[in-house]
Amino acid sequence: MIILQKRKDIPTYLTIAVPIIAILITVLAGGIIFALLGYPPLAALYEFFIAPLSRPDQVGNLLVKACPLIIISTGLIFCYRANVWNIGAEGQLILGAMGAGWVALSFPEAESPFMIVAMAVMAMLAGALWGAIPGLLKIRFKASEILVSLMLTYIAIFLVDWTVRSPWRDPLAFGFPLTKAYPDAGLIPVMSLPGIGRLGQLHWGVPVAFLVAICGWFYLTRSLGGYQIKLMGDAPRAGRFAGFNQGRVTMFVMMVSGGLAGLAGMIEVSANIGMLQPQISFGYGFTAIIVAFLARLNPLAAIAAGLVVALAELGGDTAQISMRIPKVVTGIFNGILLFMLLAGETLTHYRIVWVGVTEKANIEKASIEKANIKKDGASHG
Amino acid sequence: MTKAPRKLNPKSKDTPLLASYGMTKSFGDLVANQDINFSIYPGELHALLGENGAGKSTFIKMAYGLLQPDQGYLEWRGERITVTNPQQARAMGIGMVFQHFSLFEALTVAENIALALPPDFTRQKLSQMIKTKSAEYGIPLNPDSIIADLSVGQQQRVEIVRCLLQNPSLLIMDEPTSVLTPQETDQLFQVLKRLAKQGCAVLFISHKLDEIKQLTTRATILRGGIKVAEVKTKDQSTRQLAELMIGAKVKEIGTLSTPKSSKTLFSVSGLSRSAEGPFDIALKDISFSVKAGEILGIAGIAGNGQSELMAALTGEWRPASAAGVNKIMIGAADMTPLVPAARRRAGLAFIPEERNGHAAVPSMTLSENALLTGYDQADVVRRGIINHDNTLAMARHISKTFDVRQPSDDPLASSLSGGNLQKFVVGREIIKSPQVLIVSQPTWGVDIGATQFIRTAMANLAKQGSAVIMISQDLEEIFQIAHHIAVLNNGQLSETLKVDDVTPEHIGLLMGESPTRSGKARSGKARVSS
């Protein structure tokens with residue numbers, strides 16, 4: 001039997017070497033797959049890793065792609081740290097986009113710079129409320145937030161679909177399911193960097209994403225609120241003993257992650273699309289889950305993890321366009337990359353141990369005892 | 001694999017039944033057993049004595065085939081052997097009763113025993129054998145009883161009978177008395193003595209020195225993975241044994257002061273709580289009060305409502321409505337509706353029995369653990385932001401005052417030994433000089449040195465005029481530092497008695513009275529030694 005045993009001290013060289021090895025294995029495995037399918041492996045790998053970084057405007061686009069991932073995963077990290085499993089960020093993102101869209105479409109003549117602020121606030125509110133539903137059902141009825149938040153995502157997808165086809169449809173859109181274009185005050189402008197000028201589609205949402213991640217990190221590591229979140233995640237019984245309210249923490253992290261997902265939705269629409277349409281997100285809410293775990297639930301690391309995942313996605317796009325590699329193949333390649341990175345992460349912190357049958361009994365006994373502790377803890381709810 | 005002992009190897013009294021030579025076992029950097037030479041003879045009552053973490057469990061696990069030694073070997077009746085698994089150990093004639101029972105609560109006695117035996121018995125034959133065997137040793141068992149309905153002492157009998165049915169020549173008992181009343185302990189000792197008379201060797205693992213003196217003839221003492229002594233128990237005083245075990249002089253706790261004040265500091269009246277889950281114990285009309293300067297010991301076997309009572313006292317559980325007679329008062333102030341944090345502000349302090357995940361968080365640092373009950377103290381949290389320097393200072397102060405030995409400046413709680421973490425947890429509460437300290441099993445799984453330290457700290461707190469309520473399974477502990485004693489049995493609390501006026505036997509009777517579904521020892525099982 002194989003078990004994973006936590007390493008006590010993690011040597012520094014390992015933390016550096018492991019991601020490099022993971023990427024090398026991915027390159028090797030990917031190259032073999034490309035070659036087997038009849039694509040020149042080196043050219044394909046170039047499109048994946050180098051092309052998206054080869055021009056300054058491409059770097060800008062990379063940052064744009066990473067922006068929603070960073071914002072959403074910061075919120076998700078709050079949840080996962082508290083042992084609350086929100087996987088419905090996609091739906092919360094859509095609700096945020098709709099909330100912001102409602103403001104933008106309600107004031108088509110607005111020119112005030114407060115417009116964008118109002119949209120952001122409305123987006124966060126809408127996302128937070130969508131996130132509050134699974135939180136409330138979890139507290140009140142012990143409903144699984146995993147199922148509820150996921151199901152609410154499908155409701156959100158059909159809600160925005162219906163909205164842009166029916167009540168909010170632009171009558172002049174030739175029957176296409178689109179709303180009117182947002183007024184200029186409701187759009188996020190492209191950034192112009194001093195001395196460089198524009199960098200692809202780089203917009204003001206990107207610095208906001210960095211700020212969100214930094215604030216999230218500060219809150220989790222330095223504040224009493226963040227302490228409560230970690231406490232409820234690690235040892236809920238100790239949290240109650242300290243006098244904190246588990247329900248309140250659950251609601252808080254669900255609303256924070258919902259609100260941040262909503263903000264990401266608003267930025268996505270206002271910076272890149274300019275109106276509501278049936279498809280707003282390209283699975284950012286789900287991809288952000290991977291980002292959160294790749295970052296080991298640390299918001300600062302989510303910046304780097306968001307960039308890596310965005311690079312893989314962008315590289316897949318370029319490879320599809322320039323080499324006509326089918327989407328499923330780029331998907332396989334991205335899958336290998338993420339799998340290797342996560343496996344490397346795990347193996348950095350745990351070692352694989354082969355255990356004989358005799359020791360197995362011991363380990364099982366210990367884990368039963370541990371489970372009993374948890375049960376005991378839970379029964380004092 | 002070794003076959004049954006050959007005839008040319010006579011079972012003489014001079015050949016040890018089981019002997020070990022140079023047994024060594026390491027886990028990573030930790031040497032759990034180093035060069036252990038040990039022997040036990042047929043019919044001998046032998047004690048394996050040592051503090052938590054001294055390597056007792058590692059040693060018996062190697063003897064029972066659960067672990068393999070890195071170096072050294074075992075001899076069974078004079079023949080060198082390798083025990084590769086427990087099945088082999090059982091076949092050789094080694095029986096083992098674990099500290100935590102491995103019984104299925106929903107099955108009957110006979111069904112549980114059938115699971116451990118080779119499948120060549122019919123149910124009826126097995127039932128008959130259980131009846132005969134248990135009657136033979138004076139521990140009658142009904143084969144058709146459901147385990148969940150038995151008391152802990154009876155459950156232990158099931159484990160013992162299970163071993164006896166295989167006619168062992170060596171019975172290993174791992175901390176068998178930790179869940180028993182004094183009377184049950186006496187009965188157990190009679191069974192073990194009878195077994196020894198019939199030639200079965202008994203290896204008795206314990207850290208309770210009185211019991212070792214009472215039961216065994218020889219003791220092997222381990223400290224830090226090394227065998228430090230092998231003594232005849234009758235030649236040693238308990239104090240000498242203790243000193244061998246911890247390797248230092250044992251400090252006496254000063255004599256108890258009698259509290260002068262008569263001011264009632266803390267009182268509970270009519271506390272009732274219905275059982276919320278299938279394994280909960282309902283609390284029935286619990287009332288008691290404690291005066292300033294006084295220590296009240298609440299005795300009882302684990303699983304008789306201790307954790308439910310503790311949750312009600314801390315405020316982790318609160319009555320649904322404030323109405324009724326349910327009242328928890330500190331002085332004249334009603335605490336009943338208050339959450340734990342508010343009760344702390346009113347001058348209460350709590351130490352729950354479970355260190356890992358309740359009183360402390362293993363995955364957090366000591367300073368973060370200091371914050372657990374200290375976050376509303378001045379200078380620690382300001383405007384929602386934690387002042388790390390001040391929490392660290394707080395943790396350092398606790399560690400220094402309470403002699404917490406730690407591997408680094410601000411280590412993870414999980415890197416401390418059980419005794420040191422307990423000193424930290426106790427210190428964290430006592431350092432606040434609470435008016436009332438409520439503590440559950442303060443020295444469970446803690447080495448002797450830390451135990452004495454913690455008991456002294458609690459006695460000193462009482463001397464300074466605080467009231468202490470100590471829920472403890474350890475009668476010795478209660479008789480050592482408490483002024484008054486009450487017994488919790490099946491969710492009911494006895495009247496409060498003066499410790500000077502009662503005997504352990506009297507308390508034992510109160511502990512075992514009408515054990516209707518009592519003594520399930522859930523918490524006893526759920527704990528992992530640390």
Side-chain angles (χ1 to χ4, degrees), chain A residues 5-9 81 83 215 218-248 252 297 351 353 355-381, chain B residues 28-29 61 65-68 83-87 98 100 102 276-280 307-308 310-311 314-317 339-344 350 352 354 356-364 368-369 371-376 380-381 383-388 415 522-523 525-529:
Chain A
Q5 196 176 58
K6 209 167 167 80
R7 289 179 201 267
K8 272 202 189 116
D9 306 296
R81 275 293 182 89
N83 217 357
C215 291
F218 183 83
Y219 188 84
L220 277 180
T221 52
R222 297 292 152 86
S223 76
L224 189 64
Y227 176 74
Q228 288 188 35
I229 289 172
K230 289 180 284 181
L231 197 55
M232 285 306 174
D234 282 3
R237 203 171 166 196
R240 286 192 294 273
F241 170 65
F244 299 130
N245 185 323
Q246 190 164 21
R248 213 173 286 163
F252 178 74
L297 304 185
R351 73 174 92 233
V353 184
V355 186
V357 189
T358 48
E359 284 183 42
K360 189 179 151 192
N362 263 345
I363 293 156
E364 275 168 5
K365 197 158 175 267
S367 66
I368 288 169
E369 278 168 3
K370 259 189 204 153
N372 278 340
I373 288 184
K374 286 213 174 126
K375 247 192 286 168
D376 210 32
S379 69
H380 289 270
Chain B
D29 300 335
K61 278 178 183 161
L66 282 165
L67 291 175
Q68 295 305 319
V83 190
T84 50
N85 56 49
Q87 288 85 337
F98 289 96
H100 304 295
S102 43
E276 279 154 20
F279 295 108
D280 281 3
S307 41
E308 289 82 358
M310 190 65 188
T314 61
E316 285 162 272
W317 174 87
V339 297
R343 292 186 189 196
R344 268 185 210 113
F350 314 102
E354 177 59 55
N356 296 320
H358 195 182
V361 186
S363 59
M364 288 187 167
E368 286 174 308
N369 271 293
L371 203 58
L372 197 65
T373 61
Y375 61 85
D376 52 6
V380 174
V381 178
R383 291 204 191 93
I385 303 299
I386 298 164
N387 185 326
H388 183 68
S415 67
R522 266 171 309 105
S523 43
K525 266 189 201 175
R527 279 175 297 192
V528 170
S529 41

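The chains referred to below are lettered A, B, ... by the order of the sequence lines, with proteins before strands, and numbering in each begins at 1. The figures that follow rest on heavy atoms only: side chains count, while hydrogens, waters and symmetry mates do not.
For A:Phe218, the part sitting under 4.5 Å from any heavy atom of chain B is the side chain, from C-beta outward, and nothing else.
Contact between B:His358 and A:Phe241 at its shortest, heavy atoms only, is O-CD2, 3.4 Å. Between B:Gly357 and A:Ala235, the shortest heavy-atom contact is O-CB, 3.8 Å. Scanning both residues, B:Met364 and A:Leu231, for their nearest heavy atoms gives CE-N, 3.7 Å. Of all heavy-atom pairs spanning B:Arg344 and A:Ala242, the tightest one is NH1-O, 3.0 Å.
When side chains are defined from C-beta on, B:Val380 does not count as touching A:Leu224, because their heavy atoms never get closer than 4.5 Å. Put simply, the side chain of B:Leu372 reaches to within 4.5 Å of the side chain of A:Tyr227, judged on heavy atoms.
Between chain A and the residues B:Gly384, B:Ala342, B:Ala360, the most heavy-atom pairs under 4.5 angstrom are made by B:Gly384. Chain A forms the most heavy-atom pairs under 4.5 Å with one residue out of B:Gln87, B:Glu368, B:Arg343, B:Arg383, and that residue is B:Glu368.
To the nearest 0.5 angstrom, B:Leu371 atom CG is 10.0 Å from A:Gln228 atom CD.
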